[in-house]
Amino acid sequence: MFLFFLPQSADMSAASNLRSEDQFLCSICLDVFTDPVSTPCGHNFCKTCISQHWDMNQSCQCPMCKETFSTRPQLRVNTFISEMVAQFRHRQKAEGVQVFTALMESVERRLKELMKEIEDKQETTEKQAEGLIKDLEQEISELMERSSEVEQLSRSEDHLHLLQSFSNLKAAPPTKDWTEVRVHPPSYEGTVGRAVAQLEETVWKPMKKKLFEAELQRVQQYEVDVTLDPDTANPYLILSDDGKQVYCGDVEKNLPDNPERFSLCPCVLGEQSFSSGRFYFEVQVKGKTKWTLGVATESINRKGQITASPQDGFWTVWLRNGNEYKALDDPSVDLCLHPGPEKVGVFVDYEEGLVSFYDVGAAALIYSFTGCSFTHKLHPYFGPCINDGGKNSAPLIICPVNQTESIND
């Protein structure tokens with residue numbers, strides 16, 4: 001049985017770091033461990049993943065350090081890591097429950113405030129009606145009293161007394177024109193709308209930001225090291241020596257027109273390909289007025305004009321004219337992004353058929369392609385677009401993930 005130990009020099013911070021999600025990911029399937037086992041060299045994998053890996057290879061070699069074992073090791077579940085994974089999954093659920101519990105409490109609180117506002121309006125209207133009824137009753141009472149006095153005088157046979165009494169009779173009380181009086185029911189126009197807007201501003205927006213921050217941090221755990229493939233680059237593109245930056249130049253380089261190279265469109269693929277699991281990378285787009293980013297299948301057309309759509313093997317978003325964003329879905333979808341992202345995160349779940357784009361600085365989802373059917377290898381796709389006389393000369397830059405960036409911004 002293989003045990004898992006922290007190094008002798010590890011302190012409490014190391015133990016704390018162990019709880020971060022990347023410590024619970026199998027390097028083969030890139031998902032949280034299921035039945036984690038340890039190899040003799042000390043690396044950990046899902047039991048099924050490492051077993052299948054060895055079944056498909058002639059030698060039993062560790063996928064991480066490449067150490068080869070003369071005989072196939074007996075694998076047993078690492079109970080310590082299993083317990084840690086269980087705690088980690090239980091914490092993820094607890095965090096989700098906590099967020100939505102807080103959301104429901106906020107909605108209930110705002111609902112009570114809304115009902116109180118409606119009840120106050122009803123009470124005000126009822127008091128207004130009661131006041132008018134009281135005035136009307138007082139006026140009726142005064143009129144009836146005068147009518148009674150007049151009726152009594154009319155029965156008098158002493159005409160002199162009648163004239164003297166009539167001159168002493170109180171003047172008729174002023175009356176209101178009740179035909180113009182209306183008690184309008186309370187108006188609730190805009191009340192519910194304002195309540196919903198306030199709820200969105202004070203509750204849902206911060207809650208949504210927190211949810212997307214957590215989601216972004218989760219997908220960032222699947223970061224892969226992406227470099228640009230010079231054999232696919234259009235001859236006008238200029239790539240950095242480290243394969244991390246690309247922009248479009250003014251001069252076409254004399255390069256072989258190999259089958260992998262884009263002949264007309266100013267774009268380039270990543271060297272790495274993916275046919276399973278999940279992966280994530282980030283690209284700085286700051287300072288650019290045009291760009292296209294996403295993933296593409298290995299079988300895409302690379303010669304002549306290219307139509308970028310899922311049907312043609314492209315899952316991308318783009319920027320044009322400095323502020324026009326679009327997801328090139330089928331049909332394409334206009335995106336309202338103000339301000340636009342300075343850094344874009346791209347996440348793919350191959351088996352789930354999902355391609356998602358994130359504004360890293362704002363920790364916000366830009367767009368998701370869902371229900372995708374991937375049948376070929378996928379490559380990261382980069383289109384810096386023409387430099388437009390220098391207006392779009394800034395490069396696309398593949399950046400390392402900084403998980404604290406979206407929280408600190």
Side-chain angles (χ1 to χ4, degrees), residues 208-209 211-212 215-216 218-220 222 224 226 232 234 246 262 264-270 272-285 288-386 392 396 398 406:
K208 185 165 66 172
K209 181 173 176 59
L211 287 171
F212 278 130
E215 178 181 329
L216 180 59
R218 282 195 294 272
V219 300
Q220 285 176 330
Y222 299 97
V224 292
V226 174
T232 67
N234 177 276
V246 59
F262 291 95
L264 188 59
C265 292
C267 49
V268 59
L269 297 181
Q272 294 72 22
S273 64
F274 305 88
S275 57
S276 65
R278 302 165 182 164
F279 63 94
Y280 174 86
F281 60 95
E282 291 182 354
V283 184
Q284 179 177 306
V285 297
K288 296 191 66 62
T289 59
K290 301 177 183 179
W291 51 258
T292 305
L293 284 176
V295 293
T297 62
E298 201 167 61
S299 59
I300 55 171
N301 171 41
R302 308 184 190 201
K303 306 301 179 183
Q305 288 287 353
I306 293 175
T307 302
S309 70
Q311 186 176 357
D312 297 299
F314 295 85
W315 291 266
T316 58
V317 296
W318 78 10
L319 165 67
R320 295 294 185 268
N321 302 320
N323 59 4
E324 296 174 8
Y325 295 88
K326 185 173 292 188
L328 303 184
D329 208 334
D330 190 15
S332 61
V333 178
D334 291 328
L335 304 174
C336 183
L337 303 177
H338 298 292
E342 294 187 351
K343 189 180 291 185
V344 176
V346 183
F347 172 71
V348 176
D349 188 326
Y350 195 98
E351 283 74 22
E352 189 69 21
L354 172 70
V355 182
S356 293
F357 296 83
Y358 296 87
D359 179 338
V360 176
L365 179 68
I366 294 175
Y367 188 78
S368 284
F369 293 84
T370 58
C372 308
S373 179
F374 304 130
T375 55
H376 296 84
K377 292 180 179 179
L378 294 177
H379 287 261
Y381 175 86
F382 307 87
C385 299
I386 60 174
N392 190 41
L396 291 175
I398 303 170
S406 61

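The figures that follow rest on heavy atoms only: side chains count, while hydrogens, waters and symmetry mates do not.
Looking at Val295 and Phe279, their side chains come closer than 4.5 Å, going by heavy atoms from C-beta outward. Put simply, the side chain of Ser309 does not reach to within 4.5 Å of the side chain of Leu328, judged on heavy atoms. Taking 4.5 Å as the limit, some side-chain heavy atom of Val344 sits within range of a side-chain heavy atom of Trp291. A 4.5 Å side-chain heavy-atom check between Ser275 and Leu378 finds every atom pair outside the cut-off. Within the 4.5 Å cutoff, the side chain of Ile366 has no heavy atoms near those of the Tyr325 side chain. Taking the side chain as every heavy atom from C-beta outward, Ser356 and Leu365 approach each other to under 4.5 Å. Phe281 has its side chain out of reach of Val348: every pair of non-hydrogen atoms, C-beta onward, lies at least 4.5 Å apart. Between Leu293 and Phe382, the closest side-chain pair of non-hydrogen atoms falls below 4.5 Å.
Summarising the geometry, atom CZ belonging to Arg320 is positioned 7.0 Å from atom NZ belonging to Lys290; distances are rounded to the nearest 0.5 Å. Taken from CG in Leu269 to OG1 in Thr232, the straight-line distance is 4.5 Å, to the nearest 0.5 Å. Between Ser276 atom OG and Lys377 atom NZ the span is 10.5 Å, to the nearest 0.5 Å. The structure places CZ of Arg278 at 8.0 Å from CD of Glu352, a figure rounded to the nearest 0.5 Å. The distance from the CD atom of Glu324 to the CG atom of Leu319 is 8.5 Å, given to the nearest 0.5 Å. Expressed to the nearest 0.5 Å, how far OG1 of Thr292 lies from CH2 of Trp318 amounts to 6.5 Å.
At distances below 3.5 Å, at least one donor-acceptor pair connects side-chain atoms of Asn392 with backbone N or O atoms of Ile386. With hydrogens and angles disregarded, a donor-acceptor distance shorter than 3.5 Å links the side chain of Asn301 to the backbone of Lys303. With hydrogens and angles disregarded, a donor-acceptor distance shorter than 3.5 Å links the side chain of Asp359 to the backbone of Ala362.
Gln272 and His379 share no donor-acceptor pair across their side chains, judged by distance under 3.5 Å alone. Tyr367 and Asp329 share a donor-acceptor pair across their side chains, judged by distance under 3.5 Å alone. Side-chain contact, Tyr358 with Glu282: no donor N or O sits under 3.5 Å from an acceptor N or O.
If you run ring pair (Phe, Tyr, Trp, His ring centres under 6.0 Å) between Trp315 and each of Phe357, Phe374, Tyr381, only Phe374 comes through.
Nearest heavy-atom pair across Phe262 and Cys265 is CB-O, 3.6 Å.
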### Task
List the steps, then state whether side-chain contact (heavy atoms from CB on, under 4.5 Å) holds for Leu216 with Tyr280.
CA-CA 10 Å; Leu216 180 59; Tyr280 174 86; 3.5 Å; yes
